[in-house]
Asks: 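Pasting in a structure now, in structure tokens, and then I'll have a few things to ask.
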Amino acid sequence: MKFLKYLGKRIVYVVPQFLGVLVVIFTLVRLVPGDPARLMAGTLVSPEGVEIIRKKMGLTGPIYQQFWVYLKNVFHGDFGKSWYTGNEVIKDIASRLPATLELIVISLTITLLILLPIALKSIAEGKGVVKNIAGKSLFFYGLTAGCFPDFWLGLILILVFFSKLGWLPAPVGQLPIGISTTKITGMVLLDSLVTANWPAFIAHIKMLILPVFVLIFVYGSGIMKVSLVSATSIQKSDYINFAKVCALPPKQISNYVKRGTYPATVTMTALMFGFLIGGAVLVENVFSWGGIGQYAVQSVTNTDYTAIQGVVLIAAVINIVIYVLVDIIYFLVDPRIEKLG
Amino acid sequence: MEVLRVENLYKFFPLKKKGLRVHAINNVSFKIDSNETLGLVGESGCGKTTIGRCIIRLIEPSSGEIILLGKNVTKLKEKAFRDFRPQATIVFQEPYDALNPRKVVRQIIEAPLISENRLNKYERLERVKEVLEMVELDETYFDKYPIQLTQGEQQRIGIARAIATKPKLIILDEPTSLLDIRFRAETILLLKRLQKETGVSYLFISHDLVVIAQLSHRICVMYLGRIVEEGPTELVFNNPLHPYTRALFAATLFPDPDQEKPNFQLIGEVPSPVNLPSDRCNLYQRCPMAKEHCSRELPMLKELEQNHKVACFETKL
Ligand SMILES: Nc1ncnc2c1ncn2[C@@H]1O[C@H](COP(=O)(O)OP(=O)(O)OP(=O)(O)O)[C@@H](O)[C@H]1O
Ligand code: SF4
Ligand SMILES: [Mg+2]
């Protein structure tokens, strides 16, 4: 019951956030130098033709009227047409977004399930071989993670594992040429799994290895460091000291520490998720992933305004949704929030 | 009856750079009887917290002996020391940081009881209720999280948790210094009353002479990890003898309008406790009474009047 009340309250906040995003996108397109309609039309279209395009883009009439038209269109799922691909922008996005989401979700999941436990192990109380190895490798990782740009690392890995060693397939997208899946969710991993399309499943995993590795290596370190800082400060806190003074089992104490790091970890992971929706652009490009990031780059280079608006809007919506999810997770893992309402 | 005796305690913290170490505690000895409060006073960094933490084994001493309830526990393995854990507890300086933010009051106070494993579930709950009442709170606090409490209440929970296992000794590490001024007096009074009711002994750590005087029967004045003066609170307050103590008194504002302001000052700042020399008085460079001799030998505690000891060559009664 309390949960529903909280959820209700939280969702009410989404409305102004969403409107804010719409206002920003709407204004930005009208502030860009040059005439979007003219740009879109290209050089060969007559002034009358440009006028028609302008009308179609909702760029005529008083400003409040323009905003009203924009709102109506957005709520009808009409983001306009991309002049470059010739498709409805919403369809373009819908067909590319799952590929990006898959990449991000897999990378972040592995970060949370593998990298983080190792990191926490490395600062655990006491001694041990595992702790030692974890500590040493993380130290090395910490040193290197910050200094490689993601696209560079991607290119180097392609050079080594595809060109030189031939262990991994060519970076031509989500599946090698000649293999395909039935499209259900648009996430190849899921689609091939539910249709029991094992050749595609295995081929896809091979394609995933390098981009996922690059994303974890370059972007996982942020999450890891934030969790580690949080964990070390909790280890020093007096409530942990008291737990030691009354001789609680070490297992229980390390659980206290682990649970104490959840808020920081969740926040950082959410930030990363939001960032990577657009931030994995270069990795997507290097591996020809065909996701939303690649679409964004292509739209920018082609000054495809409608497409850019669409991508920005979707990215913003995903971010809003993520933050609602984060708050829900907080609510579930942190008893303090419930009490404060 | 003697509850705690500390003998020739040393603690060094090695620093990153080879050969350097912080001399946090240098040859400290004292004892505490039952129902007694020993005040440990000195400036920030003089080693008060480190002493308290050595006693309850949050820190491993470098050398020296700790005799708890008549038993030398220095060399005991953690497993054997477990039996002593319920007997010596601690109240920390920062009330909120000391309480697990994810546990409710009942769980927080119950934790040491569960670990002690002497009472059954029902008895434990009774005991939690009982100690809550002893700190002037009640059952309505059972399901509250620390963040829902005032600072004063948080510190009461810290105290309730510390007395839950009926310890013989409680380390009070500046339990009032971070509290809002309105919670300080009530906390001191509470601690006083609890001592009367339970006969517990306190090692009361503070940098504040005014607070120390309110609770302590005897006090030890510390400078750079050493005790420089020790005696019954009355004697030390009426007649501070060591130059460091006198400077400390001169720098303290007592809530007494008639107080004569002694003018006694040291020169310069507290030197670094890294690789502290032990062949001279550590106050030598700062002391207005210093003689050449003070730079060649370390003064030991000497009894100048009944139970009043001072570590200084030049101080005469
Ligand atoms: N883990 C540690 N590593 C290195 N040095 C330490 C460590 N803990 C304490 N010290 C040093 O030991 C000395 C004594 O510290 P301690 O905390 O016991 O002082 P204190 O009297 O409690 O001071 P305060 O009034 O600030 O609490 C200080 O110089 C401190 O810097
Ligand atoms: S021993 Fe000498 S230097 Fe040390 S306090 Fe006494 S007079 Fe001062
Ligand atoms: Mg301290």
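Proteins get letters first, then strands, A, B, ... in listed order; numbering begins at 1 in each. Just the heavy atoms: all of them, side chains too, but no hydrogens, waters or symmetry mates, feed the values below.
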Asks: Could you check whether any side-chain N or O of B:D97 sits under 3.5 Å from a backbone N or O of A:D238, counting only pairs where one atom can act as donor and the other as acceptor?
Replies: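 Yes, because the side chain of B:D97 sits within donor-acceptor range (under 3.5 Å) of the backbone of A:D238.
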Asks: Does NZ or CZ of B:R102 come closer than 6.0 Å to the centre of the six-membered ring of A:Y256, within 45° of the ring's axis?
Replies: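 So B:R102 doesn't make the cation-pi contact.
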Asks: Which atom names give the shortest non-hydrogen contact between A:C246 and B:A111, and what distance separates them?
Replies: SG-C, 4.4 Å
Asks: Heavy-atom count around A:F3 CZ within 6.0 Å, excluding the residue itself: above 12?
Replies: yes
Asks: Does B:E197 have more than 12 heavy atoms from other residues, nucleotides or ligands lying within 6.0 Å of its CD?
Replies: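 Count over threshold, so yes.
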Asks: Which atoms of B:R82 come close to chain A, meaning under 4.5 Å heavy atom to heavy atom: side chain ones, backbone ones, both, or neither?
Replies: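 Contact with chain A involves the side chain of B:R82 alone.
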Asks: Below 4.5 Å from any heavy atom of chain A, which atoms of B:L99 appear? Answer side chain, backbone, both or neither.
Replies: backbone
Asks: With a sphere of 6.0 Å drawn around CZ of A:F148, does it hold more than 12 non-hydrogen atoms of other residues, nucleotides or ligands?
Replies: yes
Asks: Distance from B:N100 atom CG to A:I240 atom CD1, nearest 0.5 Å?
Replies: 6.5 Å
Asks: More than 12 heavy atoms of other residues, nucleotides or ligands under 6.0 Å from NZ of B:K144: yes or no?
Replies: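 Yes, NZ of B:K144 has more than 12 neighbouring heavy atoms, counting only those of other groups under 6.0 Å.
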Asks: Are any of the side-chain heavy atoms of A:Y239 and B:P101 separated by less than 4.5 Å?
Replies: yes
Asks: How long is the span from the NZ atom in B:K103 to the CZ atom in A:R259, to the nearest 0.5 Å?
Replies: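 It comes to 5.5 Å.
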Asks: What is the distance from atom CD of A:Q252 to atom OG of B:S115, rounded to the nearest 0.5 Å?
Replies: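 A:Q252 atom CD to B:S115 atom OG measures 8.5 Å (nearest 0.5 Å).
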Asks: So which heavy atom on B:I90 is nearest to which on A:F242, and how close?
Replies: O-CE1, 3.6 Å
Asks: For the CG atom of A:N241 and the CD1 atom of B:I59, what is their distance to the nearest 0.5 Å?
Replies: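 Answer for the CG-CD1 pair, A:N241 versus B:I59, is 8.5 Å.
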Asks: Can you tell which part of B:R53 gets under 4.5 Å to a heavy atom of chain A, answering side chain, backbone, both or neither?
Replies: side chain
Asks: Is it the case that more than 12 heavy atoms not belonging to A:K258 sit under 6.0 Å from its NZ atom?
Replies: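 At most 12 heavy atoms, drawn from other residues, nucleotides or ligands, come within 6.0 Å of this atom.
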Asks: Measure distances from B:P112 to the heavy atoms of chain A and classify the residue's part below 4.5 Å as side chain, backbone, both or neither.
Replies: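 Both parts, backbone and side chain.
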